[in-house]
There are 2 protein chains.
Amino acid sequence: MTNIAESRSESYQTCTHDPQVSCGNCRLNSICLPLALESDDIAQLDDIIQRCKPLQKNQHLYREGDDFESVFAVRSGTLKAYKTTDDDREQVTGFYFPGEILGMDGISNNSHASSAKALETAAICEIPFTSLEKLSALIPNLQRHFFQLMSHEITEDQQLITLLSKNSADERVAALLLSISGRNARRKLSATQFRLPMSRVDIGNYLGLTVETVSRVFSRLQKMDILQVDNKEIEILDSQGLRNIANLSS
Amino acid sequence: MTNIAESRSESYQTCTHDPQVSCGNCRLNSICLPLALESDDIAQLDDIIQRCKPLQKNQHLYREGDDFESVFAVRSGTLKAYKTTDDDREQVTGFYFPGEILGMDGISNNSHASSAKALETAAICEIPFTSLEKLSALIPNLQRHFFQLMSHEITEDQQLITLLSKNSADERVAALLLSISGRNARRKLSATQFRLPMSRVDIGNYLGLTVETVSRVFSRLQKMDILQVDNKEIEILDSQGLRNIANLSS
DNA sequence: CGTGCGCTTGATAATGGTCAAGACGCGTGG
DNA sequence: CCACGCGTCTTGACCATTATCAAGCGCACG
């Protein structure tokens with residue numbers, strides 16, 4: 001798809017710190033940093049975080065195999081993380097919304113285990129990992145927070161494992177919609193009406209289904225008056241019904 | 001299956017430190033602690049680690065929802081970790097062999113996100129997490145090591161996600177056998193001949209398949225002269241063939 | 001020596017994949 | 001401004017893989 005030169009030119013460059021924005025006044029800090037940090041602790045964190053130029057749609061934040069140097073927080077926009085399988089298919093491993101952190105799968109090997117690309121224009125905070133490690137050793141709450149963040153990623157992955165292993169197509173799609181709905185609510189956006197940032201292909205890829213199946217599920221849920229679907233615009237008409245389907249319809 | 005009283009009586013109790021064994025002389029430390037630690041760092045780690053009385057087959061090390069206090073290293077035996085889904089089915093999220101660490105999914109909520117039980121008699125090292133945190137802040141290599149361990153768990157889970165999402169029954173079983181084979185090799189055991197510590201049900205549960213399908217795959221692989229199967233005794237006759245099936249047969 | 005659990009095997013059914021065609025929407029260029 | 005073309009989405013018909021249901025075997029344990 002892209003050769004090395006292209007991949008270089010479209011790839012992500014670190015940029016200078018914008019002093020306007022800081023973790024202390026960031027609207028997302030209740031998601032990203034739900035911490036009891038002293039204000040000078042936050043200042044120290046601000047010092048190491050780089051707030052970067054926006055990523056255009058389809059641009060990569062990092063690619064599988066890149067040297068691992070930082071983890072990233074999403075400030076705006078949405079990203080998907082994915083791995084390429086041996087036979088060149090794509091496995092989407094997660095979607096990342098504002099306030100969420102990605103890139104932690106790169107720590108274990110010092111190289112990113114997955115790729116991350118923007119599904120729409122996105123703004124990103126870069127957190128250099130060696131600085132974060134040093135700071136974590138000094139601020140116990142911060143160390144705890146990062147252990148928790150990583151642990152949370154593990155439990156999320158286990159949720160997905162269960163979903164893929166045990167649940168029908170309807171249940172998987174319903175669960176994803178409820179997850180997105182919940183994450184919107186956390187950011188004070190509508191839990192019932194939103195625009196999906198990802199394509200049907202991405203959804204299928206994430207949920208272990210084909211595009212056709214995803215599309216059919218959307219149609220079915222619409223016919224059941226649980227959803228109103230207009231391409232990527234989704235309205236949840238019957239959230240209890242959706243929950244029922246996600247949990248124990250089978 | 002068990003009421004609370006039973007669960008208490010069969011559940012795991014911490015025990016006193018056996019001074020005979022220490023991380024420094026543990027045969028497994030190349031797996032568990034592949035670290036450049038100074039010998040007095042190891043001594044400090046030894047101080048916080050409790051080496052505990054063995055767990056009998058089917059005993060729980062911890063249960064979903066238990067308060068999170070420690071992570072655990074397997075010294076001998078095998079454990080499975082699993083979650084119970086809303087509709088009371090079981091999702092096995094991992095198998096843990098000697099030298100491997102489990103329990104890290106409990107950090108994010110201060111409560112274990114899954115249960116862990118022994119598949120056969122097992123010996124366990126308990127590592128109290130608050131002590132580990134304190135020590136990590138003092139020993140940069142140890143902090144790094146734990147970040148890496150958790151990150152490794154994430155990448156493992158992502159492997160499983162991909163397996164469940166993209167691969168056929170044959171591919172899944174082949175991949176599991178190769179994984180077990182590799183982990184045996186790492187402990188200097190035979191990579192081609194071993195006894196599966198888990199039942200067919202557990203395998204199916206882990207791989208998102210029914211028992212019947214797992215059994216049929218074993219039969220098929222045997223018919224293809226790739227495996228020799230005698231109940232839980234497995235011999236890999238054609239490991240290249242097995243690799244082919246795991247990767248790109250489909 | 002029986003009973004039960006774990007494993008295997010077979011027959012049948014259902015879920016989701018594959019293939020194919022058409023609709024819709026969006027951006028580009030005439 | 002419209003037309004074209006491509007990419008994304010939807011829908012249908014058919015097929016394959018795996019689940020389900022059922023039965024039987026064998027070994028371990030009481």
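Taking atom CG of residue Asp230(A) and atom C1' of nucleotide dT8(D), one finds them 14 Å apart after rounding to whole Å. With rounding to whole Å, Leu227(A) atom CG is found 16 Å from dC9(D) atom P. Spacing between atom NZ of Lys223(A) and atom C1' of dT10(D) amounts to 11 Å, rounded to whole angstrom units. Atom CE of Met198(B) is separated from atom C1' of dG6(C) by 15 Å (rounded to the nearest Å). Rounded to whole angstrom, the span from the CZ atom of Arg220(A) across to the P atom of dT10(D) amounts to 13 Å. The interatomic distance linking Asn231(B) (CG) with dC5(C) (P) rounds to 16 Å, in whole Å. One can place CG of Asn205(B) at 11 Å from P of dA19(D), the figure rounded to the nearest angstrom. Distance Ile203(B) CD1 to dG6(C) P: 13 Å, rounded to the nearest Å.
Toward the 5' end of DNA chain D, the nearer of the two residues Val211(A) and Ala169(B), judged by each one's closest nucleotide, is Val211(A). Between Val201(B) and Arg216(A), it is Val201(B) whose nearest contact on DNA chain C lies nearer the 5' terminus.
Distances shorter than 4.0 Å separate none of the side-chain N or O atoms of Ser199(A) from OP1 or OP2 on dT8(D). Applying the 4.0 Å criterion to OP1 and OP2 of dG17(C), one finds that Thr210(A) has a side-chain N or O inside that range. At dT9(C), one or more side-chain N or O atoms of Ser219(B) fall inside 4.0 Å of OP1 or OP2 (strictly under the cut-off).
When distances run from any side-chain atom of Arg200(B) to the nucleotides dT8(C), dG25(C), dT18(D), the shortest one goes to dT8(C). Here the side chain of Lys232(B) is nearest to one of dC7(C), dT10(D), dG17(C), namely dC7(C). Taking the side chain of Thr213(A) as heavy atoms from C-beta on, and the options dG16(C), dT18(C), dT18(D), the nearest nucleotide is dG16(C).
Residue-level contact check: Gly208(B) touches the backbone only, with heavy atoms under 4.0 Å from sugar-phosphate atoms and none from bases. Residue contacts shown for Ser215(A) include a base, since a base heavy atom lies under 4.0 Å away.
Counting heavy-atom neighbours within 6.0 Å of Arg27(B) CZ, excluding the residue itself, gives a total of 12 or less.
Relative to the six-membered ring of Tyr82(A), Arg89(A) misses at least one condition, a distance below 6.0 Å or an angle of at most 45° to the axis.
Taking the six-membered ring for Trp and thresholds of 30 and 60 degrees, Phe95(B) and Tyr206(B) have ring planes inclined between 30 and 60 degrees apart.
Side-chain rings of Phe72(A) and Tyr96(A) stay apart, their centers remaining 6.0 Å or farther from each other.
You'll find a donor-acceptor pair under 3.5 Å spanning the side chain of Glu212(A) and the base of dC19(C), going by distance alone.
Salt-bridge check for Arg195(A) with Glu233(A): passed, with a basic side-chain N closer than 4.0 Å to an acidic carboxylate O.
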